[in-house]
Each structure stands twice: as structure tokens, then as C-alpha cells.
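Below is one structure; the comments refer to it alone.
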There are 2 protein chains.
Amino acid sequence: MSEKDLKQEVTDKYSLRGRVFSRLREDILSGKYEENEELREVAIGEELGVSRTPVREAFRQLELEGLIRIVPNKGAYVTGISEKDVKDIYMIRSRLEGLAARWATEHITDAQLEEMEENVYLAKFHSEKGHYEQLAELDNRFHEIMYEASGSKMLEHQLKDFHQYVIRVRKKTLSSARGPKSNLEHEGIMLAIKNRDGDLAEKLAHEHILNAYENLIKAGLANG
Amino acid sequence: MSEKDLKQEVTDKYSLRGRVFSRLREDILSGKYEENEELREVAIGEELGVSRTPVREAFRQLELEGLIRIVPNKGAYVTGISEKDVKDIYMIRSRLEGLAARWATEHITDAQLEEMEENVYLAKFHSEKGHYEQLAELDNRFHEIMYEASGSKMLEHQLKDFHQYVIRVRKKTLSSARGPKSNLEHEGIMLAIKNRDGDLAEKLAHEHILNAYENLIKAGLANG
DNA sequence: TACTGTATAATTGTATACAATCGTACATTA
DNA sequence: TAATGTACGATTGTATACAATTATACAGTA
């Protein structure tokens with residue numbers, strides 16, 4: 001069991017519940033539903049062509065994931081994210097990403113390091129071209145690689161959970177990746193990992209998230 | 001919504017599902033079930049006098065909490081905690097407890113600070129008397145106060161989640177609180193918070209968890 | 001008008017019936 | 001004997017029926 005994830009991934013793509021769960025999560029994160037919008041079991045079930053049972057089970061999981069809030073005997077509501085929540089998330093992430101970077105210096109595989117280098121290289125290209133869509137995608141992936149390279153399923157799961165919120169916040173604020181500056185920071189983290197410099201990697205990854213938060217605030221979260 | 005918790009607590013004590021969830025969690029944490037023991041829906045349901053439906057919903061939540069692992073079409077199994085998991089948990093906690101301590105210097109209320117002082121004082125008493133049961137209880141409570149005093153529902157929830165594992169590990173290793181040394185560290189953290197010294201509070205709380213881990217290892221996790 | 005009680009419809013909570021899946025035991029065959 | 005196929009039982013997955021709860025509208029009353 002030592003290789004097993006404590007917080008089990010929901011990967012049961014082939015059960016109805018799994019499909020409902022994935023679909024709802026996607027729809028909530030993509031902003032299809034308004035904040036505080038009520039989700040009715042029958043309506044969701046009909047939309048996806050399933051009964052209430054798998055929908056209810058998916059609801060229970062989405063509740064623990066923090067995406068909806070269930071009021072007993074009343075209903076399920078899409079959760080809002082307050083500005084304080086966003087700040088807390090970024091501050092917590094800053095610590096954990098630092099830890100992930102440190103551990104990556106100890107556990108990263110050659111293949112992962114290669115993908116990281118490629119990621120940084122590609123991001124530089126797309127940054128010059130102004131391809132924001134691809135940049136955001138690469139940014140997400142960069143962090144995912146680092147989570148995986150940390151060699152800790154526990155930490156990986158925690159950070160992926162938080163990343164969900166990051167994606168939501170980005171959609172909400174319409175703020176795309178930060179472009180060149182963010183890339184440079186990625187490159188620095190990557191090099192620190194490559195050189196197996198744990199202290200530096202942790203420091204840079206930590207600061208990287210703080211910078212991302214600063215940028216997010218400037219980009220208008222405070223206004224919107 | 002700004003005061004609402006993103007990761008919703010499961011406080012629905014009055015629904016059958018809520019009761020099943022709480023009961024199973026308690027039983028798993030208390031070690032009633034062996035690692036990898038299979039939990040059957042009907043059996044659990046009969047034991048608690050409910051049908052499979054609330055049991056299944058509770059299972060889905062316990063899965064996300066990391067206490068059980070559900071294999072599609074097969075069954076639910078109590079998750080094991082590997083030595084690496086324990087190490088990861090403590091390392092992650094060390095960062096987050098540090099953050100909680102720092103934030104507590106900013107947000108702690110007078111009542112919370114008072115309870116913290118009382119906690120330290122009482123612990124000193126029970127430590128001298130060798131009351132290990134009460135010491136463990138006070139230790140748990142000390143950390144909980146700090147989580148609450150952090151003023152961050154996000155962080156509080158994260159840390160309480162991890163604390164579940166800590167309690168499990170303690171049961172498993174039969175290692176009680178560390179006694180006087182741990183108390184002194186608590187006192188140090190408390191004073192740093194009282195003096196509103198964020199840097200010191202974070203540093204001490206961080207080290208406190210690292211020390212607790214060292215102690216745990218010595219206490220025999222490596223052997224058991 | 002403002003307040004209270006009640007009937008009703010909508011929705012969630014739970015139980016149960018049925019379908020699909022998996023593991024095991026046992027028979028069959030080479 | 002060893003390997004393979006198959007029938008059966010046990011268990012989970014899903015749908016549906018029924019119970020409990022909630023919100024709302026509306027009538028009655030001061």
C-alpha cells in the first residue's frame with residue numbers, strides 16, 4: 001500500500017457517478033453555473049440521462065471538494081470564492097509549492113525534467129507570439145509536472161485540489177498567464193531543480209506564487 | 001458568502017448519512033477496522049440500522065477524506081498509511097502549522113489566547129502528574145485553537161484534515177504526547193503569538209512539528 | 001394592515017428492487 | 001495434473017418508489 005494515494009483520485013470514469021462528478025466539476029470550474037446557483041438533482045440527472053442516485057453521490061463528493069455546498073433538506077449550491085479565500089489559497093500554495101519544488105530536487109525523473117525544460121522553452125516561444133491560450137495551458141502543466149516530480153502523492157493531491165480554485169479564479173478575473181515574467185520564474189525554478197538546489201528551488205517557487213498573487217490583485221480581483 | 005468555508009464541514013449530524021459518516025470515520029480513526037479491511041455496504045447498514053443508500057453516500061465522502069479506498073464494482077477498503085505518507089504529512093503540516101501560527105498573531109481573539117494560555121498551564125500540571133490521556137487531549141486542543149485563531153477557514157480545514165491522520169498514527173504507534181518538551185514548545189509558540197511576533201511564531205510552530213516527527217520515528221514507527 | 005396557521009407543491013432523504021459485475025468453485029478437456 | 005470454461009453466489013451500481021422536510025401561497029383573525 002505504500003505507493004497508494006491516501007486521498008483517492010476520482011478516476012472512475014466509467015461509472016455514471018464518475019461521469020456526473022467529472023462533468024459537474026468541469027461545468028462549475030468553467031463557470032457554466034453562477035455562484036450560489038442551486039443545482040437540482042432531477043434536473044442534473046435528466047440533463048445527463050441518469051437517475052438521482054449517481055447525482056446525489058457525485059454531489060456528496062463535490063461538497064467535500066469544496067465546489068458545492070449542501071444544505072440539508074434544501075439543496076446544493078455552487079460555492080462562491082471570496083477575496084479572502086483567494087488570498088488564503090495563494091498563501092497556502094506558496095508554502096506548499098515551495099515544498100514541492102524542494103522535493104522535486106530529490107525525486108524528479110529524467111523524463112519529468114525533460115518535459116519541464118521543454119515546457120519552459122515552448123512557453124518562451126508562445127509568449128513572444130502572444131498565444132495566451134497556450135501559455136495558460138503550459139503554465140498549468142508546469143506546476144503539475146512539479147507536483148508529480150515531488151514524489152509525494154499526498155502533496156500532489158493537495159496542490160491539485162488548490163489548482164482547481166486557481167483555474168476558477170482565473171476564469172473569473174479573466175486574467176491570463178503573466179507572460180514573460182512568469183516564464184522567467186519558471187525557468188529559474190527549473191534550473192534550481194536541475195541543479196538539485198533544494199533551498200533555492202523552494203525559495204523561488206515560494207516567491208513565484210506570491211508574485212502570481214500580486215499580479216492577480218493588480219489584474220482586477222479587487223475590482224471585480 | 002465571504003465567511004463561508006469552501007471545503008464544507010460535514011456537520012449534518014441529523015441525517016442518516018451524516019451519522020454513518022461520523023461513525024465510520026470515528027471507527028476507522030480509532031482503529032476498530034484493520035488496514036485494508038473490506039467494508040460491505042449491507043453489513044455496515046445493518047449494524048447502524050440504515051439502508052445501503054446513506055452508507056454508499058458516506059463511503060463516497062470517506063473516500064475523498066482519504067479514509068477508505070473504493071475499487072469500482074469491488075468494494076471499499078480501509079486505507080493504510082505508509083511510513084512515507086506519515087513523513088509527507090508531517091512535513092506538509094510543518095509548513096502549514098507555521099503559517100497558522102503566523103496568522104494567529106494577526107487574528108487571534110482574546111478568548112482564544114486565554115484558552116491557549118490555560119491549555120499550556122493545564123498541560124504543565126498533567127505532565128508533572130503523568131496524566132498521558134489528558135495530555136494527548138490538551139495537545140490536540142492546542143493545535144485546534146491555533147487553527148481556529150488563524151482566521152482562515154481554508155487553512156483550518158486543511159490542518160484539521162491532516163490532524164485526522166496524526167490521531168490515527170498515534171493510535172497505531174501507541175506513542176502518546178511527548179510530555180514536558182512538547183509543552184515547552186507550545187508555551188514558546190503561545191508567547192510568540194501573544195507578543196504578536198509572526199516570524200518567531202512561524203519558526204517555532206514549524207520546528208515543533210519537525211520535533212514531533214522526530215519523536216514519532218524514535219517512538220517506533222520505523223519498527224512497527 | 002400585520003400576523004398566524006394551514007394546505008400544497010416541490011425538493012431532498014431513505015429504502016428497496018433490479019441490473020451489472022466480479023470472484024470462486026467446480027466441471028471439463030487436453 | 002494443469003489449464004480453461006462456466007455456472008452461481010455475493011457484492012456493487014443504478015433506478016425508482018415512498019417518506020420527510022421545506023418554502024410558498026393563501027385564508028383567517030386581531
Side-chain angles (χ1 to χ4, degrees), chain A residues 1 4-5 8-25 27-28 33-79, chain B residues 1 4-5 8-25 27-28 33-79:
Chain A
M1 283 292 91
K4 257 298 159 194
D5 194 356
Q8 189 71 13
E9 291 286 344
V10 177
T11 48
D12 186 3
K13 287 164 51 177
Y14 303 106
S15 69
L16 295 188
R17 173 188 56 80
R19 291 214 324 256
V20 171
F21 180 88
S22 305
R23 173 65 181 280
L24 282 178
R25 178 158 73 175
D27 285 348
I28 292 173
Y33 300 112
E34 299 287 322
E35 277 187 23
N36 295 318
E37 183 168 343
E38 185 168 357
L39 301 180
R40 287 191 205 74
E41 296 172 359
V42 252
I44 302 292
E46 280 175 2
E47 191 177 330
L48 303 180
V50 301
S51 77
R52 285 174 56 214
T53 306
V55 175
R56 279 181 63 83
E57 292 185 6
F59 274 18
R60 299 296 171 225
Q61 299 195 292
L62 289 165
E63 181 184 27
L64 280 196
E65 290 253 308
L67 295 177
I68 67 176
R69 174 173 41 97
I70 295 181
V71 180
N73 289 308
K74 278 203 56 184
Y77 306 87
V78 178
T79 54
Chain B
M1 284 293 87
K4 257 297 160 195
D5 195 354
Q8 189 72 13
E9 292 287 343
V10 178
T11 48
D12 188 5
K13 287 163 54 179
Y14 303 106
S15 69
L16 295 188
R17 172 189 57 79
R19 292 217 317 260
V20 173
F21 179 87
S22 304
R23 172 65 181 278
L24 282 178
R25 177 158 70 176
D27 285 347
I28 293 173
Y33 300 112
E34 298 287 321
E35 278 187 23
N36 295 320
E37 182 168 345
E38 183 168 1
L39 301 181
R40 287 190 206 75
E41 295 173 359
V42 251
I44 302 289
E46 280 175 3
E47 192 177 330
L48 302 181
V50 300
S51 76
R52 285 175 57 214
T53 307
V55 174
R56 279 180 63 84
E57 293 184 6
F59 275 16
R60 299 297 173 225
Q61 300 194 293
L62 289 165
E63 180 185 28
L64 282 196
E65 289 253 310
L67 294 177
I68 67 176
R69 176 173 39 97
I70 295 180
V71 180
N73 288 310
K74 277 205 56 188
Y77 306 87
V78 178
T79 53

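Treat the numbers as computed from the prediction; the structure is a model and nothing was measured.
Residues satisfying the side chain to side chain donor-acceptor pair (under 3.5 Å) test with A:Arg40, not counting sequence neighbours, are none. In this view, B:Glu47 and B:Lys32 satisfy the side chain to side chain donor-acceptor pair (under 3.5 Å) rule, not counting sequence neighbours. Take B:Arg56 and apply the side chain to side chain donor-acceptor pair (under 3.5 Å) test, not counting sequence neighbours, and it matches A:Glu57, B:Glu41.
Using a 4.5 Å cut-off on side-chain heavy atoms (C-beta onward), B:Arg19 and B:Leu48 make no contact.
Rounded to a whole Å, the CZ atom of B:Arg19 is 15 Å from the P atom of C:dG13. Taking atom CD1 on B:Ile70 and atom P on D:dG13, their separation rounds to 7 Å, with Å as the unit. Rounded to whole Å, the distance from CZ on A:Arg40 to P on D:dA23 is 14 Å. The interatomic distance linking B:Gln61 (CD) with C:dG13 (P) rounds to 11 Å, in whole Å. Going from atom CD of B:Glu38 over to atom P of C:dC22 covers 14 Å, rounded to whole Å. Between the CZ atom of B:Phe21 and the C1' atom of C:dG13 there is a distance of 18 Å, given to the nearest Å. If you take CG of B:Leu39 and P of D:dT11, they are 13 Å apart, rounded to a whole angstrom. Between the CG atom of A:Asn73 and the P atom of D:dA19 there is a distance of 16 Å, rounded to whole Å.
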Check residues 70-78 of chain B and write down every donor-acceptor pair under 3.5 Å in which the side-chain atom is one partner and the other belongs to a residue at least two apart or another chain.
none

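At a non-hydrogen distance threshold of 4.0 Å, A:Glu41, A:Arg52, A:Arg56 from residues 41-57 of chain A come into contact with DNA chain C.
The minimum heavy-atom distance linking A:Ala58 with A:Val20 is given by the pair CB-CG1, 3.6 Å.
Distances shorter than 4.0 Å separate some side-chain N or O of A:Lys74 from OP1 or OP2 on D:dA23. In this model, the phosphate group of C:dG13 is approached by a side-chain N or O of A:Arg60 to a distance below 4.0 Å at OP1 or OP2.
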